[in-house]
Structures are given as C-alpha cells and as structure tokens.
Amino acid sequence: MTEDLRDFIRHRIRDDLRTGASDGIVTRFPPEPNGYLHIGHAKSICLNFGVAGEFDGRTYLRYDDTNPLRESQEYVDGIQRDIAWLGFAWAGPTFASDYFERLYEFAEELIKRDRAFVCSLPAEDIRATRGTLTEPGTDSPYRDRTVDDNLDLFRRMRAGEFADGTHVLRAKIDMASANVNMRDPVLYRIRHASHHRTGDDWCIYPMYDFTHCICDALEGVSHSLCTLEFEDHRPLYDWVLDNIAINYHPPQIEFSRLNLEYTVMSKRLFSSLVDDGHVTGWDDPRMPTLAGMRRRGYPAGAIREFCRRIGVTKSDGAVEYALLEFCVRQELEATAPRAMAVLDPLRVVLTNYEGDSESLSAPWHPQQPDQGHREMTFSSTLYIERDDFRESPPRKYRRLTPGGMVRLRYGYIIVCEEVVKAADGEIEELRCRYVPESKSGSDTSGLKPKGVIHWVDANTAVPAEVRLFERLFNDPNPGAGNFVEALNPTSLLIADARVEPAIVASEATSMQFERTGYFVKDARDFTSDRPVFNRTVALRDSYKPG
RNA sequence: UGGGGCGUCGCCAAGCGGUAAGGCACCGGGUUUUGAUCCCGGCAUACGCAGGUUCGAAUCCUGCCGCCCCAGCCA
C-alpha cells in the first residue's frame with residue numbers, strides 16, 4: 001500500500017534521501033521490557049515500521065534493558081507477541097544489553113579524554129548540587145579526580161568492589177547549563193542485581209542517555225524517532241556521540257505521544273490498576289494495552305488504521321475515543337459474520353403457533369453472500385430484547401408495543417396481544433400471535449411492520465455471559481493524582497444472555513450480534529459449555545427517543 | 001522568574017507568501033427485513049492575540065497570551 005502520508009517526519013526523510021544525508025532508512029522501536037505495550041506504543045510502532053516499510057528500510061526491535069530492577073523476560077515475550085499481532089516484522093530483536101561491553105569501552109574512552117569522572121557523592125548530594133530550574137548547580141568535589149584515578153575507580157566499580165550507590169560515573173559537561181540534563185549527568189550506576197539476559201555478568205549498568213544514542217549509532221539507525229519529552233535530552237544524545245570515537249551520528253527527531261480521552265497511557269499507572277485489583281490484568285478488555293484491546297476484540301488492522309488517521313506531529317492533545325471506535329467498526333463491518341443474541345431476555349409465547357418448531361435459514365452476512373448461511377430454529381417460545389417492548393412507547397418507537405406489530409428478523413411478523421406481569425409489576429412474558437404467511441423470504445401477508453427486532457428460540461438458545469464495557473475512567477483526562485477517584489465504577493457490566501447455537505459453534509471469533517454490537521469470544525474464559533463474550537464495541541445508534 | 005516545545009473547526013490534521021484539504025464527531029435527507037451499513041448534502045470570511053513587512057500573510061518579523069515537558073543513581 002503506497003500511501004501519501006505527509007507528516008513532518010516523512011517530509012524530513014524524503015529530504016534526507018534526496019540530498020543524500022541518508023542512503024537508506026533504518027529505524028528502531030526501543031521498548032523497555034518493564035510492562036506491556038499500549039495504544040500509545042502502537043503509534044510509535046506504526047511510525048517506525050511504517051516509515052521503514054515505505055522507504056524500503058528496516059526496523060530493529062531493540063529492548064532498552066538497562067535497568068535490571070524492573071525488567072523481565074515476561075515482558076520481552078509479551079512485547080514481541082503484541083508487535084507480531086499488530087502485523088510487523090522486525091530486524092533482531094536486539095538488546096541494549098548486547099552492547100554492554102562496547103558501552104563499557106566507550107565509557108572508558110570518555111574517562112581517558114577527561115570527559116567523564118567517578119563521583120562518590122551520595123544520591124541525595126548529587127540531587128542537592130544539581131541546582132534548580134533557575135539556579136545553576138555546583139561542581140562535584142570529585143570532579144577533578146585524575147584520569148588515572150577515574151579509570152581505576154571505574155574498573156573497580158565494574159569488578160564489584162563497591163556497594164550500590166557508593167559511586168557513579170558522570171559526564172563532565174557543565175553544572176551551570178540551563179539544560180539540567182547537561183549538568184554532569186550520571187552515565188553508569190552500580191546495581192548488584194541479576195539481569196534477565198546477562199545474569200550476574202555486570203554490577204554496573206549504563207543509563208538511558210548514554211546507552212540509547214550509542215546503540216542507535218551502532219545499529220546504523222538513520223532516524224531516531226522518539227517522543228517530545230526527550231527533546232531536552234537531544235543535546236546530551238549529541239554530546240555523547242560527539243565525544244567518543246564513533247563514525248556515525250543519527251539524528252534524533254521528536255514527535256508528540258498519543259493521548260486518548262478517558263484513559264491513561266502510563267505503564268506505572270497500569271501496574272497500579274492491576275496490582276490494586278481495579279482490572280483483572282494487563283489484558284483486561286478495558287485496558288488500553290494492546291493485549292487488552294486484542295482480548296476486547298479490536299482488530300489489529302483497526303489499530304493500524306487509527307494510527308494512520310491520527311497522524312504524526314509535535315502538538316500534544318487528546319484524541320477522542322470515537323475515532324478509535326470508528327476504525328474498529330469499519331473493519332468489523334466488513335468482516336464479521338452476523339448472528340442474533342438477546343442480552344436481556346423477555347419471553348414471548350406465540351399463542352397460535354402449531355407444531356414443535358421449524359428451521360429457518362439466515363445469511364451470515366447479508367452483504368456478503370459468500371459467507372454462507374446458518375440454520376436457526378423457530379418455535380412457540382422465543383426471547384426478545386426487553387428493551388424492544390414498551391407499554392408506553394415514545395414517539396417514533398419502531399419496536400413492539402401492546403397491540404403493535406413487529407418483524408422478527410429472518411422469521412415471522414408477530415402481534416402483541418397480552419402483557420403478563422408478575423406481582424411486582426415486572427413484565428414476565430408477552431403473549432403474541434404470529435402471522436403464518438409472513439415468513440421471511442416468502443411473505444404474502446402484505447403487512448408492513450414498522451420495525452424489525454432480533455430474537456432467539458427459547459428452546460435452543462444457549463445461555464452465555466456477555467461482558468459489556470464502558471470507559472474505564474469518567475474523567476476525560478485522568479492523571480496520576482486522581483486516577484483512582486476518576487475510575488468509572490460501572491466500567492464492566494455482565495449480561496445473562498441467550499445466543500443462537502450457531503454462534504457458539506462458529507469458528508469465527510468476532511461477530512456482530514445484530515442490532516447490538518460487535519462481540520468476540522473471550523480468549524481466556526470462553527468454552528462451549530460456558531460461552532463468554534466480550535462486547536468489542538456497540539453499533540452506532542442514531543435512535544433518539546421522543 | 002531558567003531551558004525546551006506547541007498553539008488551524010468540538011477532536012485529529014493538511015497547508016511552507018497567492019487568497020483555509022481531509023477524517024472523526026455533529027446536523028439534515030435518501031436506500032434498508034440490523035434505528036447498522038451504504039449514498040447525498042451541511043458544517044472555520046477563518047488560522048491564540050496585537051502590531052508590522054508585502055500588491056497579497058495561517059504561512060515572514062516583533063511583542064504579548066495560553067498550554068505541555070525538564071531538577072531519577074527511570075526510560
């Protein structure tokens with residue numbers, strides 16, 4: 001698909017290719033394996049892989065695994081599963097930890113050039129001497145150690161002679177810089193911790209700012225794309241590469257991260273939601289994680305389409321959920337088979353129906369005949385949606401009413417003759433008459449019912465749990481400060497539904513339940529004995545009562 | 001009050017000195033055995049504000065205003 005995407009990054013890449021500044025495109029997607037990927041990552045993935053694909057380049061999946069305290073193999077596996085599901089093929093994977101030895105050598109080089117020094121200040125003192133946003137910091141008392149002392153100390157750091165926190169390697173830049181990132185930033189810290197890949201080989205680990213730029217250079221990344229909050233780090237990215245003997249220097253280009261209304265986009269906040277039991281896990285269908293969206297039934301193609309439509313810029317804002325849902329419906333509309341399920345059943349007894357039952361045929365997708373048909377049974381006892389009957393209907397109500405007539409989709413026309421209520425006034429059952437000559441496809445009744453509703457045969461319908469989701473938060477922009485209070489208490493509703501048997505038997509995972517929405521078999525909990533469905537998204541509804 | 005960014009329709013977003021694309025949402029209308037889909041139409045005299053340059057500015061200059069990010073031995 002050669003599409004004319006014209007964001008500032010693609011403009012820049014075309015220019016670089018045209019002027020010869022780049023002779024090929026290499027990008028990378030660099031997640032830290034400390035959590036699951038979310039829709040915000042999908043934007044970055046689609047950008048990096050998309051651009052490489054369009055310009056005949058390649059994209060490395062490179063794990064930024066420089067902090068063994070928070071990273072694990074579980075996450076590296078999950079990340080690969082999600083990217084593959086999204087539909088992208090990476091070069092690698094590679095790991096920052098693959099380059100630990102090279103990184104170490106570059107660090108020694110910096111020391112030998114007197115551009116880095118071992119600082120033995122405690123963390124609190126480093127913080128205290130860093131200055132503030134408006135005041136310069138002050139030099140570390142260890143800043144003037146000799147090159148030989150620094151080299152000796154750094155080698156002993158590596159050798160494991162010191163406890164965590166006792167020494168760090170710092171760049172020697174400028175404690176008075178207006179950019180706090182340039183005030184002698186820490187390059188290496190001591191961490192006697194096992195790394196998920198290098199085990200106990202190392203007890204010193206490089207920091208992001210030192211690692212990332214070098215890995216980009218080593219992998220020949222032509223355009224290092226990252227989000228806006230790293231803009232302030234670009235001078236440091238450039239400083240590191242300018243002060244070591246490396247023959248390549250990628251440009252870092254920043255774009256704004258994705259914000260989605262009514263949700264958060266932070267792995268840290270996700271962890272709290274999971275740990276505190278507000279959701280069932282990283283793949284809870286309400287989560288904006290790719291795992292959650294997959295389980296919710298969002299097609300990968302819909303997420304890619306969404307990322308294409310939101311574009312790439314440097315301005316921050318929040319995209320409305322409606323756009324994502326539009327993309328989801330668009331894809332499901334074209335692919336999902338249709339069937340009938342009643343979410344909130346109301347019994348209907350046909351008083352004039354003779355015989356046991358009959359079989360009716362209905363297309364899996366009326367607009368796509370090649371999807372074929374399924375059989376469904378029809379009998380004297382049916383279920384319809386409780387909401388499809390009103391004793392006192394609003395104006396323009398096109399469903400069933402006392403004395404009213406409605407078409408049962410793919411079945412017969414029925415007329416409501418009696419409303420049976422329980423002692424408390426709750427409607428228990430509708431007694432209706434059906435019109436024998438109104439059978440769908442061979443209707444000779446001449447009747448024109450004002451509406452069509454869905455139904456299932458009470459005798460063959462299968463009980464199913466249907467999970468209905470609403471937004472996780474009520475606040476359009478929940479933040480770290482209020483995200484627990486902002487949680488929507490009714491983000492999950494469970495319906496005791498009745499579905500036609502063909503749904504349970506079908507191979508299809510995603511389906512449209514006619515008139516109610518798109519649903520997917522829950523990947524974890526569905527069994528044919530106990531069917532469980534997730535509502536992916538409701539159908540668009542232009543019905544306005546009154 | 002230091003530094004770095006960003007401000008075009010409710011939301012996203014083209015535009016790069018020549019007189020405001022597109023999508024989502026929304027509002028009308030048509031088709032329809034899903035109030036779905038589909039189709040047709042409407043939807044910024046206006047580009048944060050104020051000056052200036054120019055025949056001509058959303059696009060250039062100046063000054064304001066607003067919002068976001070930065071003081072982890074996180075990434």
Side-chain angles (χ1 to χ4, degrees), chain A residues 6-7 11 30-32 34 64-67 69-71 96 119 121-124 126-128 130-137 164-170 177-183 185-191 204-205 207-209 211-212 226-235 254 256 258 261 267-268 306 308-327 329-330 333-334 338 340 362 366-367 396-399 406-411 413 438 440-441 443 448-449 451-454 512-518 538-544:
Chain A
R6 46 183 179 180
D7 51 75
H11 280 310
E32 182 185 13
N34 68 339
D64 240 325
D65 57 346
T66 56
N67 186 354
L69 263 25
R70 347 192 279 179
E71 296 153 6
C119 180
L121 246 25
E124 315 81 72
I126 289 182
R127 192 183 323 121
R130 186 151 30 225
T132 69
L133 294 179
T134 53
E135 299 159 332
D164 290 7
T166 54
H167 306 279
V168 291
L169 183 71
R170 289 227 255 169
S177 173
N179 182 344
V180 294
N181 294 123
M182 299 297 271
R183 317 236 264 229
V186 171
L187 266 22
Y188 266 87
R189 75 289 217 189
I190 300 171
R191 281 247 208 289
I204 58 173
Y205 291 92
M207 298 287 288
Y208 166 84
D209 287 305
T211 307
H212 201 81
C226 64
T227 44
L228 250 28
E229 66 269 26
F230 291 101
E231 210 147 15
D232 288 339
H233 293 245
R234 194 169 66 222
E254 310 85 7
S256 57
L258 168 67
E261 281 190 338
K267 286 191 277 194
R268 205 191 103 241
F306 172 73
R308 189 187 69 77
R309 284 172 179 259
I310 59 176
V312 180
T313 67
K314 288 172 78 84
S315 62
D316 39 25
V319 178
E320 292 176 339
Y321 226 93
L323 180 60
L324 214 205
E325 296 191 327
F326 167 82
C327 295
R329 289 193 191 101
Q330 179 179 251
E333 159 64 28
R338 281 91 222 268
M340 294 200 278
Q367 275 101 309
K396 294 186 188 169
Y397 188 74
R398 310 217 307 246
R399 311 175 203 173
V406 78
R407 152 83 58 192
L408 295 178
R409 173 146 241 230
Y410 299 130
I413 291 170
S438 68
S440 187
D443 184 356
K448 288 280 183 285
V452 180
I453 64 174
H454 58 98
Q512 183 194 103
F513 291 176
E514 294 208 46
R515 302 211 309 135
T516 63
Y518 293 99
L539 250 33
R540 190 161 170 272
D541 182 10
S542 62
Y543 175 56
K544 295 178 291 293

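Every value quoted in this text rests on a predicted model; they were computed, and no experiment measured them. Note on naming: letters A, B, ... go to the chains in the order of the sequence lines (proteins, then strands), and numbering restarts at 1 for each one. Note that these values count all heavy atoms, side chains included, but never hydrogens, waters or copies made by symmetry.
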Asker: Say you pick atom P in B:U45 and the same atom in B:G17; how far apart are they, in whole Å?
Answerer: 24 Å
Asker: Can you find a pair of side-chain heavy atoms, one from A:Asp443 and one from A:Ile413, that are under 4.5 Å apart?
Answerer: yes
Asker: Classify the ring geometry between A:His233 and A:Tyr208 as parallel (under 30°), tilted (30 to 60°) or perpendicular (over 60°).
Answerer: perpendicular
Asker: Considering only heavy atoms and no angle criterion, is a donor-acceptor pair shorter than 3.5 Å present between the side chain of A:Glu135 and the base of B:G2?
Answerer: no
Asker: What one-letter contact string describes nucleotides 27-42 of chain B from 5' to 3', where B marks a base within less than 4.0 Å of any protein heavy atom, S marks contact via sugar-phosphate atoms alone, and - marks no contact?
Answerer: ------BBBBB-----
Asker: Using a 4.0 Å heavy-atom cut-off to protein, can you give one letter per nucleotide of nucleotides 64-75 of chain B, 5' to 3': B if the base is in contact, S if only the sugar-phosphate is, - if neither?
Answerer: ----SBBBSBBB
Asker: Between B:G22 and B:A14, how far is it from one C1' atom to the other, in whole Å?
Answerer: 7 Å
Asker: My understanding is that a pair needs two contacts under 3.5 Å, Watson-Crick or G-U wobble. By that rule, which nucleotide pairs with B:G56?
Answerer: none
Asker: Quickly work out the A:Glu261 CD to B:C12 P distance and round it to whole Å.
Answerer: 8 Å
Asker: Using the P atom on both, measure B:C67 against B:C61 and round to a whole Å.
Answerer: 25 Å
Asker: By the 4.0 Å heavy-atom rule, please label A:Ala318 as base, sugar-phosphate, or nothing.
Answerer: sugar-phosphate
Asker: Taking a pair as Watson-Crick or G-U wobble with both distances under 3.5 Å, which nucleotide is matched to B:C24?
Answerer: B:G10
